[in-house]
There are 2 protein chains.
Amino acid sequence: MTIDHESGGPVWMQLAQILRDEIATMPKGRMLPSVRTLVQTYGVSDGTVKHALAELRAEGLIVTYQGRGSYVA
Amino acid sequence: MTIDHESGGPVWMQLAQILRDEIATMPKGRMLPSVRTLVQTYGVSDGTVKHALAELRAEGLIVTYQGRGSYVA
DNA sequence: GAGAATTTGTACGTATGTATG
DNA sequence: ACATACATACGTACAAATTCT
């Protein structure tokens, strides 16, 4: 999956969907890639990644701990 | 109410509380000050104001229309 | 225990797009 | 055409919590 900056809808929503699909294949408790890694992997900004993760958190798909990372809920 | 940048907790949360108090005194349908105005009034950034408003939106206290403004729900 | 590295949280600045008045 | 206003996006910086050496 890649990000479409033109007419693909908001980038943070696209990223959230990509991560949703990825999470679906991961076991509960597995750590997600760090924000920094996601920035590099998908070529988006820090704020966009955090926006996407906040959405997944709000959906209860992941849990996040400061200083540790985000994990599949 | 003012913002305490030291040890007063996250600014966006403080602002959200200030606005919650203000909204409690406003009639339903009344328009809130614009992001721009809140930025100037409280001396915080655009992103911080938006964060606070997003919180109030998530709580159902206000509704926001693109190109118009935010209103007491 | 100390210190460095990693990772998320918060905050600000700036720019562009879109919609309304 | 112009001003106003929110949404999205990128970049940057520092603080706080955790982990590792």
Side-chain angles (χ1 to χ4, degrees), chain A residues 1-20 22-23 26-73, chain B residues 1-20 22-23 26-73:
Chain A
M1 278 299 291
T2 57
I3 301 290
D4 175 14
H5 281 261
E6 288 89 29
S7 67
V11 174
W12 70 267
M13 279 194 191
Q14 294 181 51
L15 178 56
Q17 186 53 53
I18 289 172
L19 295 177
R20 254 184 234 108
E22 191 144 339
I23 287 168
M26 294 167 65
K28 174 179 174 179
R30 166 84 96 254
M31 185 180 170
L32 271 70
S34 71
V35 170
R36 188 93 194 98
T37 299
L38 292 172
V39 164
Q40 297 169 339
T41 301
Y42 296 101
V44 297
S45 74
D46 177 272
T48 299
V49 169
K50 287 173 181 175
H51 195 162
L53 292 179
E55 170 66 19
L56 300 180
R57 240 182 344 259
E59 293 174 8
L61 296 179
I62 63 173
V63 288
T64 302
Y65 305 102
Q66 184 172 1
R68 290 213 282 152
S70 292
Y71 301 81
V72 178
Chain B
M1 280 296 292
T2 56
I3 300 289
D4 177 16
H5 281 261
E6 288 88 27
S7 67
V11 173
W12 71 266
M13 280 194 191
Q14 294 181 52
L15 178 57
Q17 187 53 53
I18 289 171
L19 296 177
R20 256 184 231 106
E22 195 153 344
I23 286 168
M26 294 166 64
K28 174 178 174 179
R30 165 85 96 250
M31 184 178 171
L32 271 70
S34 71
V35 170
R36 186 112 178 99
T37 299
L38 292 172
V39 164
Q40 297 170 339
T41 300
Y42 295 101
V44 297
S45 77
D46 174 271
T48 298
V49 170
K50 289 173 190 172
H51 196 162
L53 293 179
E55 170 66 19
L56 300 179
R57 248 192 325 269
E59 293 175 10
L61 295 178
I62 63 173
V63 289
T64 302
Y65 302 102
Q66 186 171 2
R68 288 211 278 153
S70 292
Y71 302 83
V72 178

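Letters go in sequence order (proteins before strands), and every chain restarts at 1.
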Enquirer: Whole angstrom is fine here: how far is it from CE in A:M31 over to P in C:dT6?
Expert: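 That distance rounds to 12 Å.
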Enquirer: Evaluate the side-chain contact (heavy atoms from CB on, under 4.5 Å) criterion for residues A:L19 and A:L38: first the C-alpha distance (whole Å), next the side-chain angles of each, then the deciding distance (0.1 Å), finally the verdict.
Expert: CA-CA 10 Å; A:L19 295 177; A:L38 292 172; 4.1 Å; yes
Enquirer: In whole angstrom, what separates A:D46's CG from C:dT6's P?
Expert: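 Answer to the nearest Å: 16 Å.
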Enquirer: Separation of B:W12 atom CH2 from C:dT8 atom P, in whole Å?
Expert: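 For the pair B:W12 CH2 and C:dT8 P, the rounded distance is 18 Å.
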Enquirer: Want to settle it: does A:V39 or A:M13 sit nearer the 5' end of DNA chain D, counting the closest nucleotide to each?
Expert: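 On the 5' side of the pair lies A:M13.
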Enquirer: From CG of B:L15 over to P of C:dA11, roughly how many Å is that when rounded to an integer?
Expert: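 Distance check: B:L15 CG to C:dA11 P gives 10 Å.
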Enquirer: Looking only at non-hydrogen atoms, find the nearest pair between A:I18 and A:T2 and report the distance.
Expert: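 For A:I18 and A:T2, the tightest heavy-atom pair comes out as CD1-O, 4.0 Å.
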Enquirer: Answer with yes or no whether A:K50 presents, from its side chain, a donor or acceptor under 3.5 Å of a partner atom in the base of C:dT10.
Expert: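 Present.
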Enquirer: Rounding to an integer number of Å, can you tell me how far A:R36 CZ sits from C:dA5 P?
Expert: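 Taking atom P of C:dA5 as the reference, CZ of A:R36 is at 15 Å.
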Enquirer: Return the set of residues passing salt bridge (Lys or Arg N to Asp or Glu O under 4.0 Å) with A:E22 (not counting sequence neighbours), or none when no residue passes.
Expert: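 A:E22 satisfies salt bridge (Lys or Arg N to Asp or Glu O under 4.0 Å) with no other residue.
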Enquirer: By the 4.0 Å heavy-atom rule, please label B:G69 as base, sugar-phosphate, or nothing.
Expert: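 Since only primed, P, OP1 and OP2 atoms lie under 4.0 Å of B:G69, the category is sugar-phosphate.
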Enquirer: If I take atom CD from residue B:Q17 and atom CD from residue B:Q14, how far apart are they, to the nearest 0.5 angstrom?
Expert: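 Here the rounded value is 10.0 Å.
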Enquirer: Expressed as a whole number of angstroms, how long is the span from A:H51:NE2 to C:dG9:P?
Expert: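 Nearest whole value for this atom pair: 14 Å.
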Enquirer: Hey, does the side chain of B:E55 reach the backbone of B:M13 with a donor-acceptor pair shorter than 3.5 angstrom?
Expert: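 Such a contact is absent between B:E55 side chain and B:M13 backbone.
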Enquirer: Does the plane of the ring in A:Y65 sit parallel, tilted or perpendicular to the ring in A:Y71? Use 30° and 60° as the thresholds.
Expert: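 Plane angle between 30° and 60°, so tilted.
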Enquirer: At less than 4.0 Å, is any side-chain N or O atom of B:T48 found next to OP1 or OP2 of C:dC12? Yes or no.
Expert: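 Indeed, a polar side-chain atom of B:T48 lies that close.
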Enquirer: B:A73 and B:V63: which non-hydrogen atoms are nearest, and at how many Å?
Expert: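 The answer is CB-CG1, 4.2 Å.
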Enquirer: Figure out the CD/P separation between B:Q66 and C:dT16, and round it to whole Å.
Expert: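 My rounded result for the distance is 17 Å.
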Enquirer: Report the base-pairing partner of D:dA1 (Watson-Crick or G-U wobble, both distances below 3.5 angstrom), or none.
Expert: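 Checking every strand shown, D:dA1 finds no partner, since no pair has both distances under 3.5 Å.
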Enquirer: Rounded to whole Å, please give me the gap between NE2 in A:H5 and P in C:dT16.
Expert: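 After rounding, the reported distance stands at 16 Å.
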Enquirer: Mind checking which nucleotides bracket the chain B contacts on DNA chain D, 5' to 3', with an atom under 4.0 Å from a heavy atom?
Expert: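 Listed 5' to 3', the contact boundaries are D:dA5 to D:dT8.
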Enquirer: Name the residue closer to the 5' end of DNA chain D, choosing between B:L32 and A:R68 according to the nucleotide with the nearest heavy atom.
Expert: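 By nearest-heavy-atom nucleotide position, the 5'-most residue is B:L32.
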